[in-house]
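Convention: sequence-line order gives letters A, B, ...; per-chain numbering from 1.
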Number of protein chains: 2
Amino acid sequence: MTAPEVKRGRPPTFDRATALEAATRLFWEHGYEATSVGELTRAMGIRPGSLYSAFGDKKSLFKEVVQAYGRSPVGAFVGAALAEEPTARGAFRRLLREAAAAYPDPSHPAGCLTISAATNVTVQDAEVAAFLRDLRNANLAAFEARLLTAQQQGELPPTANPRALAAYFAAVIQGMSQRARDGATPAELTRTAELALAAWPQGQG
Amino acid sequence: MTAPEVKRGRPPTFDRATALEAATRLFWEHGYEATSVGELTRAMGIRPGSLYSAFGDKKSLFKEVVQAYGRSPVGAFVGAALAEEPTARGAFRRLLREAAAAYPDPSHPAGCLTISAATNVTVQDAEVAAFLRDLRNANLAAFEARLLTAQQQGELPPTANPRALAAYFAAVIQGMSQRARDGATPAELTRTAELALAAWPQGQG
DNA sequence: CTGATTCTAGAGCGATCGTTCAAGAACGTG
DNA sequence: CACGTTCTTGAACGATCGCTCTAGAATCAG
């Protein structure tokens, strides 16, 4: 896509992806506004000038963090489950079980960055909160689309309500993220996932 | 308890409860750190000196707001349902339905203050986040206690898992709060509540 | 080497943060 | 009236916020 472009001038002394990972952990743990640029530069090992020339401002750095998070394993498992599982029920079962394992994983901050990183924002950062809210509501729409397809293919009975089921599973996922941040264990969240599946129409399985 | 105490000196020009309500709305909407003292004084109609002499500092004002919220109708319905309903199933059904109606009520900020007001905090305000987290986990413990009683009284079968059920309903409630802040309607949340009840053991009702 | 270019280092910008303080106003008491 | 007390007012404190700027270091082209 992009031309190779001859390299000129002083080369960067830091790895962009590594720095982005450090920023991700901070935003994931404390959220957008509660993470200061000073904390970011310290964790990323760079000075403010380098941060602003490499990533723009704090807001665009955050958006780049969110995009990278969405492509990482822990951020992409929702889309993977919906796309790869042959049945809708299998997709949501896998999705819930993987959330139960990933959200409390101690190798990274608890819960889901998209769900919890911009809950408390000032009015001048309302755009950041809206950015994440739109991502969450897009996930809700993907849930509904998958369930609608399942109904059209006969996996779900005509009496089922795809939109209601999608909203229910979205609420469960978001609640599991919150519970993980409150200290829930993988065992607890796995049991929550199994109980949540009891809402599946017809009581199959 | 307290002596009548003769009133001396200049009387306050503002109503304490009214000012507390104004502060509650701000903290509820934006959270603890994203609400500045300047916004608080403007909304409460008082100057910084009055705020600090009447409520201590920002942190103690927030705690007083949380306590008042817990005694208000929208903050106390959980405890009321658990205490007043004769059966555990009736208690959780009422609790979920009332949450579905209260969380998206446009007469106040969406969702639950205890759940969402201190999600994103800096390290120096970790105490505030812990304060709300303890309240949430106390609610979880109350869920479990009510379900354990139900099991001992035969309402729940011996095969049921009170702790797992409590964690599940806690996750659903917290997810419903998040969904309400993301724009969910009372109708959506009511359907979520009904679906959530499908996890009740034995498939009763 | 010189020159152009790109990055780093670190001081410092204006704005806002939570909080405090001094001066004065409004009350009950003597 | 004066006095003691309590509250209000508005300025201002030091700290931190996101961000910018300048000087210099490191590279490539010629």
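One atom, CZ of B:Phe14, and another, C1' of D:dC7, lie 9 Å apart when rounded to the nearest Å. At whole-Å resolution of the value, CG in A:Leu40 and P in D:dC19 are 11 Å apart. Residue A:Arg42 contributes atom CZ, which lies 19 Å from atom P of C:dT8 at whole-angstrom precision. At whole-Å resolution of the value, CZ in A:Phe62 and P in D:dG18 are 13 Å apart. When rounded to the nearest whole Å, the span between NZ of A:Lys7 and P of C:dT5 equals 18 Å. Put simply, CZ on A:Phe55 is 16 Å from P on D:dT20, counting in whole angstrom units. Here the P atom of nucleotide D:dG10 and the CG atom of B:Leu51 are 16 Å apart, to the nearest Å. In this structure, B:His30 atom NE2 and C:dT16 atom P are separated by 16 Å, rounded to whole Å.
Residue B:Thr35 is in sugar-phosphate contact alone, with no base atom involved, counting any heavy-atom pair closer than 4.0 Å across all strands shown. In this structure, A:Pro12 reaches the sugar-phosphate backbone alone: every heavy-atom distance under 4.0 Å involves primed, P, OP1 or OP2 atoms, never a base. Nucleic acid contact class of B:Pro11 (heavy atoms, under 4.0 Å, all strands): sugar-phosphate only.
Close to D:dT9, at under 4.0 Å from its OP1 or OP2, lies a side-chain N or O of B:Arg47. Regarding contacts with the backbone of C:dT8, a side-chain N or O of A:Thr13 is found under 4.0 angstrom from either OP1 or OP2. A sub-4.0 Å separation between OP1 or OP2 of C:dG18 and a side-chain N or O of B:Lys58 is present. OP1 or OP2 of C:dT8 has at least one side-chain nitrogen or oxygen of A:Ser50 nearer than 4.0 Å. For D:dC17, one of the phosphate oxygens OP1 or OP2 lies less than 4.0 angstrom from a side-chain nitrogen or oxygen of A:Ser36.
Looking only at distances, a side-chain donor or acceptor of B:His108 sits under 3.5 Å from a matching main-chain atom of B:Ala102. The backbone N or O of B:Leu197 lies less than 3.5 Å from no partner atom in the side chain of B:Arg93, so there is not a single donor-acceptor pair.
Within the cation-pi definition used here (under 6.0 Å to the ring centroid, within 45° of the axis), A:Lys58 qualifies as a partner of A:Tyr32.
Counting distance only, with no hydrogens placed and no angle test, the side-chain atoms of A:Arg8 and the base atoms of C:dA4 include no donor-acceptor pair under 3.5 Å.
When distances run from any side-chain atom of A:Tyr52 to the nucleotides C:dT19, C:dC27, D:dC19, the shortest one goes to D:dC19.
In this structure, A:Phe143 has its ring center under 6.0 Å from that of A:Phe92.
The nearest pair of heavy atoms linking B:Ala166 to B:Glu144 is CB-N, 3.5 Å.
Where A:Arg10 and A:Gln124 meet DNA chain C, the nucleotide closest to each residue was compared, and A:Arg10 sits on the side nearer the 5' end. Comparing A:Ser53 and B:Gly9 by the nucleotide of DNA chain C whose heavy atom lies nearest to each, the residue mapping closer to the 5' end is A:Ser53.
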